[in-house]
Number of protein chains: 2
Amino acid sequence: MDLSSKSEYALLALLELSPHYPSGEPLQIRQIASQQNIPDRYLEQLLATLRRGGLVKSQRGARGGYLLARDPWKITLYDVVSCIEGFEPQADPAQVSDTPEARVIQGMWTEVRQAAEGVLQKYTLQDLVEKRNAQQQVDIMYYI
Amino acid sequence: MDLSSKSEYALLALLELSPHYPSGEPLQIRQIASQQNIPDRYLEQLLATLRRGGLVKSQRGARGGYLLARDPWKITLYDVVSCIEGFEPQADPAQVSDTPEARVIQGMWTEVRQAAEGVLQKYTLQDLVEKRNAQQQVDIMYYI
DNA sequence: GTATACTCCGGTTCTCCACTGGGGTTTGCA
DNA sequence: TGCAAACCCCAGTGGAGAACCGGAGTATAC
């Protein structure tokens, strides 16, 4: 029941990209990685998945990098996590021992999953950025 | 984001034990296992953890077996899953790269976790048993 | 006292996560 | 044109955990 570092890294990276979105200037892997303490060769793969998932765009060549594919308030955390974690292959016809008990348990588990996904769907990257900014304000207040 | 078979097996086993609780008669591993299609040597380990977690009691020797440690409505699904999955070692002082971004993400993730745990806490074994019974009634209606 | 259960300990196979590395290809710029 | 800076793709590795299997021991009812 904990966040994989895959997803955490992806969220951190997108959080770095968010403020750069309006300018249209791409950010390089190395910069994001060093900023957030992420192994860069690993982050590369995560960004590739995010690109295939249509969440970021890449610019190749010198002075290339990554930028968000759309506005930060149009990307929910659910978009990110589901893209990176790759769920919804749910309907594979693996015989899941279809006793009445198993069905009841499955039912309640989808309820659990929906509760979790509901939280993820209500937050966007924009929300995270604003929370961070608010947090930093508080830090400054305490610092003074 | 899916239920491990560990937890599913444990829930199925406890679901089998629930109706036998009032009689005080223990159920054997073999019976539960064959009833629910669970590898018995594996179920044995799960029941051992449930015992150590105080959810079931064991009776050794001939005509021994397992029975619930308390009433089915006093055991929440959260009790079961947390016992079997063993979470809440949360507070290990592993340095979790304490950037402001990381803190914001951690915050929203605890919200996700709490949403999921909330669902698990509101259901008891008794609820599952009743749901299963209701489900079986429906099945019979359709069968006629 | 013996068959029937649980108990404890160990090993095995498999999959996935979290990386690391070695090539490529595309692009800006001198 | 050359070349370095970036992305792109594929492959492998090490460790951890999941999902088991097996055997030797121990308690208990009959």
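Within every chain, numbering begins at 1; the chains are lettered A, B, ... in the order of the sequence lines, protein sequences first and strands thereafter. As the structure is a prediction and not an experimental result, all values here were calculated from the model.
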Q: Indicate the atoms forming the closest heavy-atom contact of B:His20 with B:Glu16, along with that distance.
A: ND1-O, 3.4 Å
(Q) Between the side chains of B:Arg63 and B:Glu25, is the shortest nitrogen-to-carboxylate-oxygen separation below 4.0 Å, so that they form an ion pair? (A) yes
Q: Take the protein atom CG of A:Leu50 and the nucleotide atom P of D:dC7, then report the distance between them rounded to whole Å.
A: 14 Å
Q. How long is the gap from CD1 on A:Ile75 to CH2 on A:Trp73, to the nearest 0.5 Å?
A. 11.0 Å
Q. Considering only side-chain heavy atoms of A:Lys6, which listed nucleotide, C:dA18, C:dC19, D:dC8, is closest?
A. C:dA18
Q) Nearest heavy-atom pair of A:Asp139 and B:Arg103: which atoms, and what distance? A) OD2-NH1, 3.9 Å
Q) Between A:Gln31 and A:Gln35, do the side chains contain an N or O donor and an N or O acceptor separated by less than 3.5 Å? A) no
Q: Would you tell me if any nitrogen or oxygen in the side chain of B:Tyr42 comes within less than 4.0 Å of OP1 or OP2 on C:dT13?
A: no
Q. Going by atom types alone, do A:Ser7 and A:Glu85 pair a side-chain donor with an acceptor below 3.5 Å?
A. yes
Q) Given atom CG of A:Asp40 and atom P of C:dC19, what is their separation to the nearest angstrom? A) 11 Å
Q.
If you compare every side-chain N and O of B:Tyr66 against the phosphate oxygens of C:dA5 (OP1, OP2), does one of them come in below 4.0 Å?
A. no
Q | For atom CG of B:Leu46 and atom P of C:dC6, their distance in whole Å | A | 13 Å
Q. In terms of side-chain heavy atoms, does B:Glu111 have a donor or acceptor partner in B:Gln114 at a distance below 3.5 Å?
A. no
Q: Round to a whole Å and report the spacing from CG of A:Leu47 to P of D:dC7.
A: 8 Å
Q) Going by heavy atoms closer than 4.0 Å, what residues in residues 11-36 of chain B are next to DNA chain C? A) B:Gln28, B:Ile29
Q | Gap between atoms CD1 and P, on B:Ile84 and D:dC20 respectively (whole Å) | A | 14 Å
Q) Does B:Ser5 have a side-chain nitrogen or oxygen under 4.0 Å from the phosphate oxygens OP1 or OP2 of D:dA19? A) yes
Q: Figure out the OH/C1' separation between A:Tyr9 and C:dC17, and round it to whole Å.
A: 11 Å
Q. Do any N or O atoms from the side chain of B:Thr49 and from the backbone of B:Leu46 form a donor-acceptor pair under 3.5 angstrom?
A. yes
Q. Between B:Ser5 (side chain) and B:Glu8 (backbone), is there a donor-acceptor pair under 3.5 Å?
A. no
Please write out each protein N/O paired with an N/O of nucleotides 27-30 of chain C under 3.5 Å, distance rounded to 0.1 Å.
unit_1 : atom_1 : unit_2  : atom_2 : d
C:dT27 : O2     : A:Ala62 : N      : 3.3

Q: Please check the phosphate of C:dC6 (OP1 and OP2 only) for any side-chain N or O of B:Ser58 closer than 4.0 Å.
A: no
Q. Rounding to a whole Å, what distance do you find between B:Asn37:CG and D:dC20:P?
A. 11 Å
(Q) Taking 4.0 Å as the cut-off, does a side-chain nitrogen or oxygen of A:Arg41 come that near to OP1 or OP2 on D:dT13? (A) no
Q. Taking CD from A:Glu44 and P from D:dC7, how many angstroms apart are they, rounded to a whole number?
A. 7 Å
